[in-house]
J.: 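I'd like to ask some things about the structure below.
Since the model is a prediction, treat every value here as computed from it, not as a measurement. Atoms within a ligand are numbered from 1 in the order they appear, just like the ligands themselves. Note that the numbering runs from 1 along the sequence shown for the chain.
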Amino acid sequence: MPGRKPIKVALLGCGTVGTEVVRLLTDQAADLTARVGAPVELAGIAVRKPNKHREVPAELLTTDVDALVESDVDVVVEVVGGIEPARTWLLKALKAGKSVVTANKALLAEHSGELFEAADAAGADLYFEAAVAGAIPLLRPLRESLAGDRITRVMGIVNGTTNFILSGMDSTGAGYAETLEEATRLGYAEADPTADVDGFDAASKAAILASLAFHSRVTAADVHREGIAGVSAADIAAAKGLGRTVKLLAICERVTDNGTDSISVRVHPAMIPRSHPLAGVNGAFNAVFVEADAAGEMMFYGKGAGGAPTASAVLGDLVAVARNKVVSGRGPRESAYAALPVRPMGHASTKYHISLDVADKPGVLSQVAAVFAEHDVSIAAVRQEGRVDDASLVIVTHAATDAALRSTVDKIGGLPVVREVVSVMRVEGEES
Ligand SMILES: NC(=O)C1=CN([C@@H]2O[C@H](COP(=O)(O)OP(=O)(O)OC[C@H]3O[C@@H](n4cnc5c(N)ncnc54)[C@H](O)[C@@H]3O)[C@@H](O)[C@H]2O)C=CC1
Ligand SMILES: N[C@@H](CC=O)C(=O)O
Ligand code: NA
């Protein structure tokens, strides 16, 4: 836009995502100018080792992040990751009235309250579409399109790395370690991939989703978290035998009890029917179901990880905050007025799949069934395989509280007729 003052952008970080942000900004410069109503100018790129970044203009590179943030830039885009020093940089930017675009879910899941307060005080924007489910437009629909509805549930696959690993184990029998290595090579995994496999990344995303969906502040510490490190080839085979597959799910629910609302939020592996729409979500793809009172069910699907898909979401946010700058407007602020409490995991209603190695003699089933009855857990299906010395008992329960199911499994493990509790996994989704 000739004559229009450019929107100056500081880019912090130039790794998997940052490199693609620079490419898209450069390749689409003319279109972005037209869409924003002013040129979008990359003023500097902060990195740790400038001589390692031959793919971007050398004159833009700097190691002095503070000076870049404090310069006359209008927008700070952060794709470094981690809590500190990213938190300090972004607070500094927001307090100075610079809008922020970030892909940093770890930071947002801990400190979004503080960041939003700084943004509000200075009249700046804070956008973070790339932080959950990569390229998929999901946070903007929650913050804006569905702001007039009452969301009851957000559930899905939000980590590309673990989905890539579980899909590989299920379809080709690929090993855990080799698939993780491949996910890292493809740029899906976090700098420390234990954040992915232990469920921390998905838990951060679940906290962000629950905060937006239920207008409350939910942090990563509020999320019940289990990763996929304990998922074995035997679990995958057991799931297959039952017409199911294993996925790492993030589940955020509004629970209404005696007219009072609370939030249940958890991340754990679960067996789902192979006919379930999430069962066909493979590789680094993510998919998220949203249920709202008036809208009903919606499904969001697309690439959840990788440099280019994530950069697409970053650029979308950059255009939004730049447009706001051009018209001196602002995007949505934090909406946490409902302040709903988070329920402990023990109160969550879940179903279990339990595989037991048992002595194959009369009375075993009745002893096991008695423990379920004692804990008020009802059995949906039982399958016994094998004969003397090599028997296995597979039990699928109806929904019960997670606390009751855990106590049931603990007590069954102590029965003399049970040689080993081979696998315990939650079951989600109805058979269709
Ligand atoms: N890779 C992906 O698929 C996705 C990544 N994200 C998020 O995007 C962010 C960036 O991720 P990636 O690009 O994959 O990470 P990366 O590790 O490839 O890149 C990080 C960049 O930050 C730079 N950096 C680190 N510490 C620095 C410091 N103190 N000063 C200056 N520069 C520093 C590194 O040199 C590197 O250029 C993270 O928050 C991540 O969680 C979000 C969605 C998807
Ligand atoms: N490590 C993350 C990257 C995107 O958020 C993932 O695997 O999903
Ligand atoms: Na997204």
Side-chain angles (χ1 to χ4, degrees), residues 10-22 44-53 55-56 61-69 77-90 101-109 127-143 156-166 179-180 183-202 204-205 208-209 212 227-228 248 250 283-288 300-317:
L11 177 65
L12 314 187
C14 196
T16 304
V17 180
T19 309
E20 289 299 314
V21 169
V22 176
I45 307 172
V47 293
R48 254 193 313 220
K49 296 181 181 143
N51 55 355
K52 286 203 160 177
H53 293 274
E55 72 288 1
V56 297
L61 293 169
T62 176
T63 54
D64 193 343
V65 187
D66 288 298
L68 180 58
V69 169
V77 175
E78 184 265 319
V79 282
V80 169
I83 308 275
E84 286 293 356
R87 171 181 160 272
T88 303
W89 295 332
L90 297 192
V101 173
T102 176
N104 191 335
K105 49 270 163 124
L107 174 64
L108 288 159
Y127 276 55
F128 43 94
E129 182 59 71
V132 183
I136 309 172
L138 176 61
L139 304 189
R140 205 86 68 82
L142 291 177
R143 283 174 90 179
I157 296 167
V158 294
N159 183 267
T161 302
T162 48
N163 201 50
F164 186 80
I165 295 171
L166 292 173
T179 335
L180 173 57
T184 303
R185 194 183 62 73
L186 292 168
Y188 305 151
E190 295 302 302
D192 173 3
T194 56
D196 296 294
V197 297
D198 290 341
F200 289 101
D201 180 79
S204 293
K205 291 165 174 169
I208 295 169
L209 290 172
L212 299 181
I228 65 158
L248 183 72
F285 279 83
N286 286 185
V288 178
F300 296 80
Y301 172 79
K303 286 188 179 156
T310 308
S312 164
V314 171
L315 263 286
D317 280 354

J.: Which residues satisfy the salt bridge (Lys or Arg N to Asp or Glu O under 4.0 Å) test with Asp196, sequence neighbours excluded?
T.: none
J.: Under 4.0 Å from a heavy atom of Cys14: give me the atoms of ligand 1 that qualify, with their elements.
T.: 21 (C), 37 (O)
J.: Which of the atoms in ligand 2, numbered in the order shown and given with their element, are less than 4.0 Å from a heavy-atom of Asp196?
T.: 1 (N), 2 (C), 6 (C), 7 (O)
J.: Which atoms of ligand 2 have any heavy atom of Lys105 under 4.0 Å away?
T.: 2 (C), 3 (C), 4 (C), 5 (O)
J.: For the residue pair Phe285 and Tyr301, does the interplanar ring angle fall in the parallel (under 30°), tilted (30 to 60°) or perpendicular (over 60°) class?
T.: parallel
J.: Distance alone, cut at 3.5 Å: any donor-acceptor contact between the side chains of Asp64 and Thr62?
T.: no
J.: Would you mind running through ligand 1 and noting each atom that sits below 4.0 Å from a heavy atom of Glu190?
T.: 40 (C), 41 (O)
J.: Please walk me through it: do Lys105 and Glu190 pass salt bridge (Lys or Arg N to Asp or Glu O under 4.0 Å)?
T.: CA-CA 11 Å; Lys105 49 270 163 124; Glu190 295 302 302; 3.0 Å; yes
J.: Report yes if some heavy atom in the side chain of Asn104 is under 4.5 Å from a heavy atom in the side chain of Val80; otherwise report no.
T.: no
J.: Are the side chains of Val132 and Asn286 in touch, meaning some heavy atoms are under 4.5 Å apart?
T.: no
J.: First locate atom CG of Leu11, then atom CD1 of Ile45, and finally report the distance between them rounded to the nearest 0.5 Å.
T.: 5.5 Å
J.: With nothing but distance in play, are any N or O atoms of Ala131 less than 3.5 Å from an N or O of ligand 1?
T.: no
J.: Looking at every heavy atom in both Thr161 and Ala183, which two are closest together, and how far apart are they?
T.: CG2-CB, 3.8 Å
J.: Looking at atom 7 (O) of ligand 2, what's its closest protein heavy atom, distance included?
T.: Thr161 OG1, 2.6 Å
J.: So which heavy atom in the protein is nearest atom 44 (C) of ligand 1, and how far is it from that ligand atom?
T.: Thr310 OG1, 3.1 Å
J.: Distance to 0.1 Å, residue and atom name: give those for the protein heavy atom nearest to atom 8 (O) of ligand 1.
T.: Ala103 CB, 3.5 Å
J.: With heavy-atom distances below 4.0 Å as the criterion, list the atoms of ligand 2 near Asn159.
T.: 2 (C), 6 (C), 7 (O), 8 (O)
J.: To the nearest 0.5 Å, tell me how far Thr194 OG1 sits from Phe200 CZ.
T.: 7.0 Å
J.: Heavy atoms only: which of Val80, Thr161, Thr19 lies closest to atom 24 (N) of ligand 1?
T.: Val80
J.: So, taking the atom named OG1 in Thr310 and the one named CD1 in Ile136, what distance separates them when rounded to the nearest 0.5 Å?
T.: 10.0 Å
J.: At under 4.0 Å between heavy atoms, is it the side chain or the backbone of Lys105 that contacts ligand 1, or both, or neither?
T.: side chain
J.: Closer than 4.0 Å to some heavy atom of Lys205 - which atoms of ligand 2 meet that?
T.: 2 (C), 4 (C), 5 (O), 6 (C), 8 (O)
J.: Show me which atoms of ligand 1 lie under 4.0 Å from any heavy atom of Val47.
T.: 31 (C), 32 (N)
J.: For Tyr188, counting its heavy atoms only, list the atoms of ligand 2 lying under 4.0 Å from any of them.
T.: 1 (N), 2 (C), 3 (C), 6 (C), 7 (O)
J.: At under 4.0 Å between heavy atoms, is it the side chain or the backbone of Thr16 that contacts ligand 1, or both, or neither?
T.: both
J.: Within ligand 1, which atoms have a heavy atom of Ala130 less than 4.0 Å away?
T.: 42 (C), 43 (C)
J.: Tell me: protein heavy atom nearest atom 19 (O) of ligand 1, and distance?
T.: Gly15 CA, 3.3 Å
J.: What do you reckon, does Gly160 have a nitrogen or oxygen under 3.5 Å from a nitrogen or oxygen of ligand 2?
T.: yes
J.: Distance to 0.1 Å, residue and atom name: give those for the protein heavy atom nearest to atom 34 (C) of ligand 1.
T.: Arg48 NH2, 4.4 Å
J.: Taking the side chain as C-beta and beyond, is there a heavy-atom pair between Asn163 and Leu248 under 4.5 Å?
T.: no
J.: Just to the nearest 10 degrees, tell me the angle at the Na ion (ligand 3) spanned by Glu129 O and Val132 O.
T.: 80°
J.: Near Ala305, which atoms of ligand 1 are under 4.0 Å from a heavy atom of that residue?
T.: 3 (O)
J.: Might you check, step by step, whether the distance between atom 15 (O) of ligand 1 and some protein heavy atom is under 4.0 Å?
T.: no
J.: Which part of Trp89 is near ligand 1, with near meaning a heavy atom under 4.0 Å away: side chain, backbone, both or neither?
T.: side chain
J.: Is it true that some N/O/S atom of Ile136, main chain or side chain, lies under 3.0 Å from the Na ion (ligand 3)?
T.: yes
J.: Should you measure from each heavy atom of Gly304, which atoms of ligand 2 turn up under 4.0 Å away?
T.: 4 (C), 5 (O)
J.: Quick one: nearest non-hydrogen protein atom to atom 11 (O) of ligand 1, plus distance?
T.: Val17 CG2, 4.0 Å
J.: So is there a nitrogen or oxygen of Glu78 less than 3.5 Å from a nitrogen or oxygen in ligand 1?
T.: no
J.: Does Gly134 bring an N, O or S atom to within less than 3.0 Å of the Na ion (ligand 3)?
T.: yes
J.: Working to the nearest 0.5 angstrom, can you tell me the gap between Ile208 CD1 and Leu108 CG?
T.: 4.5 Å
J.: Suppose I only count heavy atoms of Gly306 and a 4.0 Å limit; which atoms of ligand 1 are within that range?
T.: 2 (C), 3 (O)
J.: Would you give the length of the straight line joining atom CD of Glu20 to atom CD of Glu55, rounded to the nearest 0.5 angstrom?
T.: 9.5 Å
J.: Is Leu12 close to Thr102 at the side-chain level, that is, under 4.5 Å between some pair of heavy atoms?
T.: no
J.: Under 4.0 Å from a heavy atom of Gly187: which atoms of ligand 1 are those, numbered in the order shown and with their elements?
T.: 1 (N), 2 (C), 3 (O)
J.: Going by the atom numbers of ligand 2, which of them fall below 4.0 Å from some non-hydrogen atom of Glu190?
T.: 1 (N), 2 (C), 3 (C)
J.: Under 4.5 Å between any side-chain heavy atoms of Lys52 and Val47, yes or no?
T.: no
